[in-house]
Amino acid sequence: MLDIKYIREHPEEVKRGAQRKRIDIDIDHLLAVDSNRRTVLNEVEALRAKKNSASARIAGLTGADKQNAIIEMKETAAREKEQSVALKEIEEELQALMLRVPMPPADDIPDGGENDYTVLRTWGEPRKFDFEPLDHVELAERLDLFDLARGAKVAGSRFYYLRNEGALLHWAVCRYAVDQLTAKGFTPMTVPVLVKREAMVGTGYFPGGEDQAYKIPEDELFLVGTAEVPLCAFHADEILEEEELPKLYAGYSSCFRREAGTYGKDTRGIYRIHQFDKVEQVVICQNDVQTSINFQEQLQQNAEEIVQALGLPHRVIVGAAGDIGQGQVKKYDIETWMPSRTGYGETHSCSRFYDFQARRLNLRYRTKDGEIKFCHTLNNTAIASPRILIPILENYQQADGSVVVPEVLRPYMGGMDVIRKK
RNA sequence: GGAGAGAUGGCCGAGUGGUCGAAGGCGCACGCCUGGAGAGCGUGUAGGGUGCAAGCCCUCGCGAGUUCGAAUCUCGCUCUCUCCGCCA
């Protein structure tokens, strides 16, 4: 959410930001509703002030004077009530509009849509095979690492079981990522994966993303698509002290995504699935643009270090304005080389939001001078698995169908160095 | 799932229809005092909206209602605690 004052004072900038993000929103209408709200608010407040002073007077009156004052008061009370109802309706309309206004994207990101990203840097060389490489599905079948058919039988398409070294590898990458972050001062956390609507709205997924989230109507809860949601909402409605910032959280959670509208896309293997596990980095910091920028670089570096330690070729791209989320200012993705795609596939996503989420979450802090401000929030993937198993299996495969375990994962695999057919 | 108790400011806690955004205490901050510290004394100490400002308005878990007037009365909901049942 943006500051309504900012929208009043910089309407053109906000409109331009929405255009770059390709989000259709009528800012002039919003400002008209805002202006109307203030007019009606003034009337309501004047009536309430009248009511309050009359009420104090009545308390000191007796007999006929009191009765007359009460009769007069009745009329004021009725008018106040009527106007209050009107005010409430206007405020609800305004709030609904405010939730739709996008954060203007950074100036230094490209315009355009999904395919208009810029490549920032590339690390590693795609591996050249001197044999016919298998894709992760074939590798996993031979080594008995996944069971996709039974996943579909039990839960439907885009579900799976991990087995044997497949399961172990999955836990190994997750645990490796947690340990790397913990060493950097992040607090390891598990989180609720079912959350209330407010957490989804607070982080900016709702309104708009309802069709991508699993819902539990009976309990009015939603399955999260990322630990970002419960981690950012962790301090919702709180006022933190500046001294305790930044908050660095490493959240581990299962993630659930309906993937509505992707029928027929990425149907092979475990690339696009409804449920996966992810270690997520979340930062809650001071309300300062440069601080946010610095943390985004830091989160990005943390992720790149992990992918590099795993020895996986990858590149970093900057998402174009029309492709990034409503609340995001700037987004980096890491795309990791996946031989079966003969291309790079997204494995990480790093965003900064300034105070967009914090305003929705009512997440604030008290500065050393006693001023109360909204925090800034950022997040980035540390590892998302099993998707990351695709490049690991495919890049580390050998001619005999076995797969070498990346060195950094071996301590988490009981020292195993190669996954072989049983 | 069943029965009961409760929800007030950073914390404890008073307040059962009017002058209560709220006594008192603790904590915290500042000042006085002191060689210094402590004790003691004094002052201050929620968030939000609106306005140039003075001020005005809102908030006593949340929502609705009764009333001229609600922290106080009524209804619904949420959460916490105790007991029973069930369970990893």
Side-chain angles (χ1 to χ4, degrees), chain A residues 1-9 30-99 101 190-202 215-222 230 233-245 247 253-254 284 287 355 357-375:
Chain A
M1 196 153 63
L2 303 193
D3 185 353
I4 182 66
K5 285 180 197 143
Y6 185 86
I7 302 176
R8 280 177 206 147
E9 287 158 19
L30 182 150
L31 289 172
V33 174
D34 170 52
S35 158
N36 188 226
R37 173 187 163 265
R38 282 189 290 171
T39 304
V40 176
L41 179 67
N42 281 340
E43 291 171 22
V44 169
E45 287 194 351
L47 285 168
R48 282 182 184 160
K50 191 176 170 189
K51 241 176 80 169
N52 289 343
S53 64
S55 181
R57 209 178 69 241
I58 287 170
L61 295 177
T62 51
D65 285 346
K66 186 165 188 167
Q67 289 316 309
N68 288 336
I70 286 174
I71 288 163
E72 196 188 317
M73 235 325 231
K74 256 184 173 152
E75 198 191 321
T76 309
R79 276 204 295 147
E80 188 269 332
K81 182 140 202 169
E82 198 179 305
Q83 286 294 80
S84 291
V85 170
L87 178 64
K88 198 177 171 188
E89 280 170 18
I90 293 164
E91 286 183 333
E92 277 166 10
E93 185 186 2
L94 182 63
Q95 182 64 9
L97 290 167
M98 287 295 287
L99 287 176
V101 180
T190 74
V191 299
V193 294
L194 284 165
V195 299
K196 296 180 187 175
R197 166 170 248 107
E198 293 86 84
M200 299 299 279
V201 172
K215 185 183 182 182
I216 315 290
E218 184 86 31
D219 301 291
E220 291 178 77
L221 292 171
F222 300 86
F234 186 69
H235 292 293
D237 295 319
E238 293 181 19
I239 300 176
L240 304 170
E241 296 301 325
E242 186 166 17
E243 290 73 38
E244 48 181 328
L245 298 179
K247 295 283 191 187
S253 81
S254 290
I284 297 168
N287 190 310
D355 59 8
Q357 292 180 318
R359 282 181 182 280
R360 291 171 164 241
L361 290 163
N362 195 222
L363 164 50
R364 297 170 295 172
Y365 70 103
R366 189 176 285 107
T367 67
K368 292 175 181 114
D369 305 328
E371 207 182 336
I372 288 168
K373 291 182 170 177
F374 287 102
C375 299

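Naming: A, B, ... by sequence-line order, numbering from 1 per chain. Just so you know, these numbers use all the heavy atoms, side chains as well, and skip hydrogens, waters and symmetry mates.
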| remark: By side-chain hydrogen bond (donor to acceptor under 3.5 Å, both in side chains), Glu43(A) pairs with (sequence neighbours left out) Gln83(A)
| field | All stems with RNA chain B, defined as three or more consecutive Watson-Crick or G-U pairs under 3.5 Å | value | B:1-7 with B:78-84, B:10-12 with B:24-26, B:27-32 with B:40-45, B:46-50 with B:55-59, B:61-65 with B:73-77
| task | In whole angstrom, give the distance that lies between atom NZ of Lys373(A) and atom C1' of rG47(B). | result | 18 Å
| said: Measuring from atom CG of Leu94(A) to atom CD1 of Ile4(A), what distance do you get when rounded to the nearest 0.5 angstrom? | reply: 5.5 Å
| field | Presence of Asn52(A) side-chain N/O under 4.0 Å of rC68(B) phosphate oxygens OP1/OP2 | value | no
| said: Just so I know, are the side chains of Phe234(A) and Val191(A) near enough to count as touching, which here means a heavy-atom distance under 4.5 Å? | reply: no
| message | Would the distance check show the side chain of Asp3(A) and the main-chain N or O of Lys5(A) forming a donor-acceptor pair, the cut-off being under 3.5 Å? | response | yes
| query | Rounded to the nearest 0.5 Å, how far apart are CG of Leu240(A) and CD1 of Ile284(A)? | reply | 7.0 Å
| query | Just how far, in rounded Å, is P of rU59(B) from CG of Leu87(A)? | reply | 13 Å
| task | Strictly below 4.0 Å, heavy-atom distances to any atom of RNA chain B: list the hits from residues 40-50 of chain A, or just say none. | result | Leu41(A), Asn42(A), Glu45(A), Arg48(A), Ala49(A)
| Between rG48(B) (C1') and Ile4(A) (CD1): distance, integer Å | 16 Å
| request: May I ask you to test the Ile90(A)-Leu41(A) pair for a side-chain heavy-atom distance under 4.5 Å? | output: no
| query | Which whole-number value in Å describes the distance from Asp219(A) CG to rG1(B) C1'? | reply | 14 Å
| request: Hey, which sits more toward the 5' end of RNA chain B by its nearest nucleotide, Ala69(A) or Arg37(A)? | output: Arg37(A)
| request: Between rA7(B) and rU72(B), how far apart are the C1' atoms? Round to whole Å, please. | output: 15 Å
| task | Have a look at Ile239(A) and say if it touches a base, only the backbone sugar-phosphate, or nothing, with a 4.0 Å heavy-atom cut-off. | result | sugar-phosphate
| said: Categorize Arg57(A) for me: base, sugar-phosphate, or nothing, with a 4.0 angstrom heavy-atom threshold over every strand shown. | reply: nothing
| field | Beyond-backbone contact of Met1(A) with Gln95(A), side-chain heavy atoms, under 4.5 angstrom | value | yes
| For Glu241(A), what residues pass the side chain to side chain contact (heavy atoms under 4.5 Å, CB included) criterion, not counting sequence neighbours? | Glu243(A), Glu244(A), Arg366(A)
| request: Starting from C1' on rG10(B), measure out to CG on Leu240(A) and report it in whole angstrom. | output: 14 Å
| query | Rounded to the nearest 0.5 Å, how far does CD of Glu371(A) lie from OH of Tyr365(A)? | reply | 8.0 Å
| field | Rounded distance in Å between the P positions of rC68(B) and rU16(B) | value | 23 Å
| message | Check whether Ser84(A) reaches the backbone of Glu80(A) with its side chain - one donor and one acceptor, N or O, closer than 3.5 Å. | response | yes
| field | P-based separation of rG65(B) from rG10(B) [nearest Å] | value | 29 Å
| query | So, is Arg366(A) near the phosphate of rA46(B), with a side-chain N or O under 4.0 Å from OP1 or OP2? | reply | no
| message | With rounding to the closest Å, how many angstrom separate the P atoms on rA5(B) and rC75(B)? | response | 13 Å
| query | Which part of the nucleic acid, if any, lies within reach of Arg8(A) when heavy atoms closer than 4.0 Å are counted: base, sugar-phosphate only, or nothing? | reply | sugar-phosphate
| said: Within the 4.0 Å heavy-atom criterion, would you say Lys88(A) contacts the bases, only the backbone, or no part of the nucleic acid? | reply: sugar-phosphate
| message | What is the distance, to the nearest angstrom, from the CD atom on Glu371(A) to the P atom on rA46(B)? | response | 17 Å
| task | Could you work out the separation of rG85(B) and rG27(B) based on their C1' atoms and round it to a whole Å? | result | 43 Å
| request: Answer yes or no: is there a side-chain heavy-atom contact under 4.5 Å between Leu221(A) and Val195(A)? | output: no
| query | Distance between the P atoms of rG6(B) and rG13(B), in whole angstroms? | reply | 14 Å
| Pairs meeting criterion salt bridge (charged side-chain N to carboxylate O under 4.0 Å, His left out) with involvement of residues 86-99 of chain A, two or more places apart | Arg37(A)-Glu91(A)
| More 5' along RNA chain B: Lys74(A) or Gly370(A), using each one's nearest nucleotide? | Gly370(A)
| Does Ala236(A) offer a backbone N or O that forms a donor-acceptor pair with the side chain of Asn362(A) under 3.5 Å? | no
| Between Arg38(A) and rG49(B), does any side-chain N or O lie under 4.0 Å from OP1 or OP2? | no
| task | Please state the P separation for the pair rC20(B) and rC56(B) - nearest whole angstrom. | result | 15 Å
Which pairs, protein N/O on one side and nucleotides 15-21 of chain B N/O on the other, fall under 3.5 Å?
unit_1, atom_1, unit_2, atom_2, d
rG18(B), N2, Ser55(A), OG, 3.2

| request: In whole angstrom, give me the gap between the C1' atoms of rU74(B) and rU66(B). | output: 7 Å
| field | Expected output: side-chain Arg360(A) to main-chain Val201(A) donor-acceptor under 3.5 Å | value | yes
| note | Against the side chain of Ala77(A), the closest entry in rC68(B), rU66(B), rG51(B) is rC68(B)
| request: Calculate the interatomic distance between Glu243(A) atom CD and rC28(B) atom P; express it in whole Å. | output: 16 Å
| request: In whole angstrom, give the distance that lies between atom CD of Glu91(A) and atom C1' of rG48(B). | output: 12 Å
